[in-house]
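Written out below as structure tokens is the structure these notes cover.
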There are 2 protein chains.
Amino acid sequence: MLQQQPLDLAFQALSDPTRRAMVERLARGPASVSELAGPLPMSMSAVMQHLKVLEGAGLVVSEKVGRVRTCRVEPEALTAAERWLNDRRRSVERSLDRLGLFLEQTKPETEPRE
Amino acid sequence: MLQQQPLDLAFQALSDPTRRAMVERLARGPASVSELAGPLPMSMSAVMQHLKVLEGAGLVVSEKVGRVRTCRVEPEALTAAERWLNDRRRSVERSLDRLGLFLEQTKPETEPRE
DNA sequence: ACGATACTTAAGTGAATGCTTCAGCAACAG
DNA sequence: CTGTTGCTGAAGCATTCACTTAAGTATCGT
């Protein structure tokens with residue numbers, strides 16, 4: 001891709017179970033990199049790389065105080081992905097409704113319910 | 001990963017702009033593989049591979065009649081991802097509210113607004 | 001000052017991804 | 001029957017991904 005759109009980065013970031021686990025942890029409150037890495041079966045270096053992906057997608061922001069970097073979720077970034085899904089789903093359901101209505105109108109003599 | 005969970009596959013599938021374009025097209029109504037491939041700048045073979053990813057994630061189902069495979073979106077698969085995002089976002093917002101309340105209660109003598 | 005803590009960066013590796021091309025194959029049109 | 005359409009499969013290839021290890025760099029506690 002020539003240019004990465006926000007949604008690309010968001011869905012891409014959330015497609016990895018480790019990163020989703022990090023978001024789930026951060027959804028319960030801010031945490032340091034060490035706290036994030038604690039339960040995960042990998043090096044802190046790997047966790048840092050996942051963190052950069054999440055930050056790159058705008059899903060997480062972090063701030064370093066002293067030697068501790070504290071991370072938290074940016075809820076608005078979740079909203080964008082949420083809205084895309086909601087819009088598509090509603091569009092599908094709407095077109096299914098239209099189909100059902102069409103079938104009902106063009107063949108009123110067949111039984112309406114299964 | 002040892003085991004791919006439904007959400008892994010869904011977010012993974014949606015992380016690619018081509019596949020999201022396919023879902024957007026299918027959200028407006030069913031389409032054949034050719035119709036899906038039409039506007040996309042790649043071979044139909046590549047589109048087929050994307051379609052398999054979408055089907056593997058349960059986001060799309062298709063049925064072949066004659067030599068034409070007709071595809072449509074499975075709206076319930078979108079709901080799962082939608083709910084995950086909604087749950088996390090609400091959790092974050094809830095913990096931010098708690099923080100705000102805590103700060104307000106523990107330091108009532110400081111000015112409440114910035 | 002010294003060591004421990006908490007990150008940070010760089011380089012490397014094996015596997016997965018996103019294509020391509022080419023070669024089928026079944027269904028339909030004439 | 002023959003050619004075209006619409007899809008399908010396999011192989012190959014460049015890039016990206018998710019790690020690893022190893023070597024930093026700032027803090028912080030004593």
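Below, chain A is the first sequence line, B the second, and so on; all start at residue 1.
Of all the heavy atoms in B:Ala46 and B:Met42, the pair that sits closest is CB-SD, 3.7 Å.
Residue A:Asp16 contributes atom CG, which lies 12 Å from atom C1' of C:dA16 at whole-angstrom precision. A:Leu14 has its CG atom 16 Å from the C1' atom of D:dA18, to the nearest Å. Straight-line distance from the CZ atom of A:Arg20 to the P atom of D:dA18: 12 Å, rounded to whole Å. When the P atom of D:dT16 is taken as reference, atom CG of A:Leu9 falls 14 Å away, rounded to whole Å. Between the CG atom of B:Asp8 and the C1' atom of D:dC17 there is a distance of 15 Å, given to the nearest Å. Rounding to whole angstrom units, CZ of residue A:Arg69 and P of D:dA26 are separated by 14 Å. Distance B:Met44 CE to D:dT5 P: 12 Å, rounded to the nearest Å.
In this structure, of C:dG18, C:dA6, C:dT21, it is C:dG18 that holds the atom nearest to the side chain of B:Arg19. Nearest nucleotide to the side chain of A:Met42, out of C:dC19, D:dT8, D:dT20: D:dT20.
No side-chain heavy atom of A:Glu63 sits less than 4.5 Å from a side-chain heavy atom of A:Thr70. Here the side chains of A:Glu74 and A:Leu59 are not in contact, with every heavy-atom distance at 4.5 Å or above. The shortest distance between side-chain heavy atoms of B:Leu85 and B:Phe11 falls below 4.5 Å. Put simply, the side chain of A:Leu51 reaches to within 4.5 Å of the side chain of A:Arg69, judged on heavy atoms. Looking at A:Arg25 and A:Glu35, their side chains come closer than 4.5 Å, going by heavy atoms from C-beta outward.
When the options B:Leu54, B:Val60, B:Val73 are evaluated for a side-chain contact (heavy atoms from CB on, under 4.5 Å) with B:Met22, the one that passes is B:Leu54.
Comparing A:Pro41 and B:Ser32 along DNA chain D, the residue whose closest nucleotide (by nearest heavy atom) sits nearer the 5' end is B:Ser32.
Looking at residues 48-57 of chain A, you'll see A:Gln49, A:His50 sit with a heavy atom under 4.0 Å from some atom of DNA chain D.
Neither OP1 nor OP2 of D:dA22 sits under 4.0 Å from any side-chain N or O of A:Ser45. For C:dC19, the OP1/OP2 oxygens have a side-chain nitrogen or oxygen of B:Thr18 closer than 4.0 Å. Side-chain N/O atoms of B:Gln12 include one lying less than 4.0 angstrom from OP1 or OP2 on C:dT17.
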Could I get a table of every N or O pair under 3.5 Å where one atom is in the protein and the other is in nucleotides 24-30 of chain C?
| unit_1 | atom_1 | unit_2 | atom_2 | d |
| --- | --- | --- | --- | --- |
| C:dA27 | N3 | B:Arg67 | NH1 | 3.3 |

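Contact check on A:Glu24 versus A:Arg28 returns no salt bridge, with no Lys/Arg side-chain nitrogen under 4.0 Å from an Asp/Glu carboxylate oxygen.
The hydrophobic cluster containing B:Val23 also contains B:Met44, counting ILVMFWY residues as joined when their side-chain heavy atoms lie under 4.5 angstrom apart, directly or transitively.
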